[in-house]
Chemist: 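Mind having a look at this structure? Questions to follow.
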Amino acid sequence: MEQKSNFSDLPEDIVMEILSRFPVKCLLQLKCVNKKWYVLIENPIFIQKHLHDTKNHTSYFVHHYFLDKMKSGFTLFHHDEQNQLIPKSHLYQDVLSTSTHLWQVLSPLNGLFLLYNDQEDVALWNPSTKEFKPLPISQPLNCPLYKLSSYKFGFGIEPSSGDYKVVWMRDYWDVDSEDWHSPTIISVYTLSTNSWRTFEEFSVSSRDLVKSNGNTYLNGFYYWRACQNDKIFAFDMSNDKIVEIQTPKSFVSKQGDLSLFNDFVAMYIYEPIILGIETSIDIWIMEKNGNWTKNVRIGPFLNIKRSLGYGNNGEIFLEVVTCQLDIFDPFLKKNRVLGQQKSGYSLQAFAYNESMVSLKNNSSCNLIG
């Protein structure tokens, strides 16, 4: 009689190959089955492999404000077996250990979101594992004469260590002199030490920068665009220095946003949106030498109100005049309907890949970039 093999008796590399294709929900359950699987699933090498193997299983994360509840939250759209998009909405209060009604969201990196608000609360969040980590308080100018009036955030990875870092650029209004306090204050948080390092910056202020709707971290640098589209700024996660990069002069007279496109830093450039008039979006990519090349034109689109976000592969999230949220599919060359926000409005939308990256122990972050 042939003896049946046990899954647990398979070689570890085979088990890792199989489990790396499982969704996070299943892996969290399997961690409780036995110690061997727990150790394997917690292994940083497995977490990196799982992140790589599930990149093709993209969901969509839409940040909402719900008028009926006067609170913010999100909807996750995932594909069912028939490749139909299935939405599930949540309020932040239902899934986070916080009473804050309104969070601002920075585009996800390896399945992690950076959240912040006007009360200077900052946190990291993995929706897949339901881990939520409030960051330590950072108040470099704790003086009643200085009022925090402008700030920008960045979120990236230090390449040599794989450590996650948060960049917080702040400008204060001097109530006494009725002028901006100089210099700009930059605080950098490191996950492995759970601490901030603060220093002064004279070359750029947060007032010069624009928050992007898409992810702008790439290969050790976090990028912001300037308000006039005439340049972008790159924060080097290795040495905490800021580099200024010029953009083509033609960008200045246009609307635009900064994001990634096929693993390049890209500017999405378009004419001011006017209802009833077709709008096309030109995607310019920045080459490694700093030169810009027009890669593709997408559209034209009719009756769009604004863009809400971008995916790395050319997806564009668009709000149309009926408050319907569409996603432009670059492979099908057409829009897909994500849904209609009847009781509120959408703030941002992202392409999202779930991950097992842990916020409790930074060893799980190593090797992931």
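Sequential numbering from 1 along the given sequence is applied to the chain's residues.
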Chemist: Before accepting this row, confirm whether a basic side-chain N of the pair Glu120/Arg170 lies closer than 4.0 Å to the acidic partner's carboxylate O.
Modeler: yes
Chemist: Determine yes or no for a side-chain-to-main-chain donor-acceptor pair under 3.5 angstrom, with Thr129 supplying the side chain and Met356 the backbone.
Modeler: no
Chemist: Give a yes-or-no answer on whether the side chains of Thr75 and His90 include a donor-acceptor pair shorter than 3.5 Å.
Modeler: no
Chemist: Leu19 and Leu40: side-chain contact (heavy atoms from CB on, under 4.5 Å), yes or no, with the steps?
Modeler: CA-CA 10 Å; Leu19 294 184; Leu40 174 64; 3.9 Å; yes
Chemist: To the nearest 0.5 Å, how far apart are CD1 in Ile316 and OH in Tyr270?
Modeler: 9.5 Å
Chemist: Taking Ser355 for its side chain and Asn110 for its backbone only, find out whether a donor-acceptor pair lies under 3.5 Å.
Modeler: yes
Chemist: Of all the heavy-atom pairs spanning Met286 and Ile245, show the shortest one and how long it is.
Modeler: SD-CG2, 3.8 Å
Chemist: Do we see a donor-acceptor contact under 3.5 Å between the side chains of Ser212 and Ser259?
Modeler: no
Chemist: Would you check, one step at a time, whether the test ring pair (Phe, Tyr, Trp, His ring centres under 6.0 Å) holds for Tyr164 with Tyr189?
Modeler: CA-CA 8 Å; Tyr164 286 84; Tyr189 169 84; over 10 Å; no
Chemist: Could you see if Met267 belongs to whatever hydrophobic cluster contains Phe328? Use Ile, Leu, Val, Met, Phe, Trp, Tyr and a side-chain cutoff under 4.5 Å.
Modeler: no
Chemist: What class does the angle between the rings of Tyr92 and Trp125 fall in, given that below 30° is parallel, 30 to 60° is tilted and above 60° is perpendicular?
Modeler: perpendicular
Chemist: Quick one: do Phe350 and Asn213 satisfy side-chain contact (heavy atoms from CB on, under 4.5 Å)? Show the steps, please.
Modeler: CA-CA 8 Å; Phe350 313 99; Asn213 280 327; over 6 Å; no
Chemist: Under 3.5 Å, is there a donor-acceptor pair between the Tyr352 and Ser128 side chains?
Modeler: yes
Chemist: Side chains of Arg197 and Ser138: do they bring a donor and an acceptor to under 3.5 Å?
Modeler: no
Chemist: Would you give the length of the straight line joining atom CZ of Phe46 to atom CD of Glu17, rounded to the nearest 0.5 angstrom?
Modeler: 10.0 Å
Chemist: Less than 4.5 Å apart, any side-chain heavy atom of Thr184 and any of Phe202?
Modeler: no
Chemist: Ignoring hydrogens and geometry, is there a side-chain-to-backbone donor-acceptor pair from Asn126 to Leu359 under 3.5 Å?
Modeler: no
Chemist: For Trp37 versus Asn34, what's the shortest heavy-atom pair and its separation?
Modeler: N-OD1, 2.7 Å
Chemist: When you check the side-chain N and O atoms of Asn215 and Tyr223, is any donor under 3.5 Å from an acceptor?
Modeler: no
Chemist: Measure up the Tyr310 and Tyr268 rings against each other and bin them: parallel (under 30°), tilted (30 to 60°), perpendicular (over 60°).
Modeler: tilted
Chemist: Locate the shortest heavy-atom distance separating Ser346 from Leu325; write the atom from each residue and the value.
Modeler: OG-CD2, 4.3 Å
Chemist: Determine, using the 4.5 Å side-chain heavy-atom cutoff (strictly less than), whether Val265 and Ile242 are members of one ILVMFWY cluster.
Modeler: no
Chemist: Shared ILVMFWY cluster between Val188 and Trp224, side chains joined below 4.5 angstrom?
Modeler: yes
Chemist: Quick check: is Leu318 connected to Leu302 through a chain of hydrophobic side chains (ILVMFWY, heavy atoms under 4.5 Å apart)?
Modeler: no
Chemist: Should we say atom OH of Tyr38 is surrounded by more than 12 heavy atoms from elsewhere, each under 6.0 Å from it?
Modeler: no
Chemist: How many angstroms lie between atom OH of Tyr151 and atom OG of Ser206, to the nearest 0.5 angstrom?
Modeler: 10.0 Å
Chemist: Within a 6.0 Å radius of atom CG on Asn219, are there more than 12 heavy atoms belonging to other residues, nucleotides or ligands?
Modeler: no
Chemist: Main chain of Gly256, side chain of Arg225: is a donor-acceptor contact present, judged purely on distance under 3.5 Å?
Modeler: yes
Chemist: Find the distance between CD1 (Ile285) and CG (Leu260) and round it off to the nearest 0.5 Å.
Modeler: 11.5 Å
Chemist: Tell me whether the count of non-hydrogen atoms from other residues, nucleotides or ligands lying under 6.0 Å of CD in Gln228 goes above 12.
Modeler: no
Chemist: Classify the side-chain pair Asp163/Ser192 by whether it contains a donor and acceptor separated by less than 3.5 Å.
Modeler: yes
Chemist: Go through Phe61 and Phe113 one step at a time and tell me if the ring pair (Phe, Tyr, Trp, His ring centres under 6.0 Å) criterion holds.
Modeler: CA-CA 11 Å; Phe61 182 104; Phe113 285 94; 4.4 Å; yes
Chemist: To the closest 0.5 Å, what do you measure between NZ (Lys152) and CG (Asp171)?
Modeler: 8.5 Å
Chemist: Determine the minimum heavy-atom distance between Gln255 and Asn229, stating which atoms define it.
Modeler: C-ND2, 4.0 Å
Chemist: Can a donor-acceptor pair be found between the side chains of Gln324 and Lys305 at a distance below 3.5 Å?
Modeler: no
Chemist: Is there a donor-acceptor pair closer than 3.5 Å between any side-chain N or O of Ser149 and the backbone N or O of Lys147?
Modeler: yes
Chemist: State plainly whether the residues Lys241 and Asp236 are in salt-bridge range, i.e. N to O under 4.0 Å.
Modeler: no
Chemist: Given side chains that start at C-beta, do those of Pro134 and Asp121 come closer than 4.5 Å, heavy atoms only?
Modeler: no
Chemist: For residues Tyr222 and Ile185: do they belong to one hydrophobic cluster (side chain heavy atoms under 4.5 Å, members Ile, Leu, Val, Met, Phe, Trp, Tyr)?
Modeler: yes
Chemist: Would you find a donor on one side and an acceptor on the other, under 3.5 Å apart, between the side chain of Trp173 and the backbone of Glu178?
Modeler: no
Chemist: Determine whether a donor-acceptor pair (N or O, by modelled atom type, separation under 3.5 Å) exists between the side chain of Glu278 and the backbone of Pro300.
Modeler: no
Chemist: Once the angle between the rings of Phe153 and Trp168 is folded into 0 to 90°, is it parallel (under 30°), tilted (30 to 60°) or perpendicular (over 60°)?
Modeler: parallel
Chemist: Donor-acceptor check, side chain of Asp208 to backbone of Ser205, threshold 3.5 angstrom: yes or no?
Modeler: yes
Chemist: Is the side chain of Tyr217 donor-acceptor paired with the backbone N or O of Ile157 at a distance under 3.5 Å, no angle test?
Modeler: yes
Chemist: Is Lys25 salt-bridged to Glu354, going by a charged N under 4.0 Å from an acidic O?
Modeler: no
Chemist: Just wondering, more than 12 heavy atoms not from Glu287 lying within 6.0 Å of its CD?
Modeler: yes
Chemist: Does Asn335 form a side-chain contact (heavy atoms from CB on, under 4.5 Å) with Ile327? I'd like the steps, not just the answer.
Modeler: CA-CA 5 Å; Asn335 287 10; Ile327 176 173; over 6 Å; no
Chemist: The test is ring pair (Phe, Tyr, Trp, His ring centres under 6.0 Å); show your working for His63 and Phe74 and say whether it passes.
Modeler: CA-CA 5 Å; His63 185 202; Phe74 64 96; 8.7 Å; no
Chemist: Take Val122 and Leu115, measure what side-chain contact (heavy atoms from CB on, under 4.5 Å) needs, and give me the verdict at the end.
Modeler: CA-CA 6 Å; Val122 187; Leu115 307 181; over 6 Å; no
Chemist: Distance only, no hydrogens: is a donor on one side chain within 3.5 Å (strictly under) of an acceptor on the other, for Glu201 and Ser203?
Modeler: yes
Chemist: Any side-chain to backbone donor/acceptor pair from His50 onto Ile41? Under 3.5 Å, distance only.
Modeler: no
Chemist: Starting from the C-alpha separation in whole Å, work towards a yes-or-no answer on ring pair (Phe, Tyr, Trp, His ring centres under 6.0 Å) for Phe251 and Trp284.
Modeler: CA-CA 10 Å; Phe251 289 5; Trp284 290 69; 5.3 Å; yes
Chemist: Using 4.0 Å as the upper bound for N to carboxylate O, is an ion pair formed by Glu158 and Lys165?
Modeler: no
Chemist: Give me the atom names and distance for the closest heavy-atom approach of Ala351 to Thr58.
Modeler: CB-CG2, 3.8 Å
Chemist: Which heavy atom of Gly111 sits nearest to which heavy atom of Pro127, and what is that distance?
Modeler: O-CD, 3.6 Å
Chemist: CZ/Phe261 to CD1/Ile283 distance, rounded to the nearest 0.5 angstrom?
Modeler: 4.5 Å
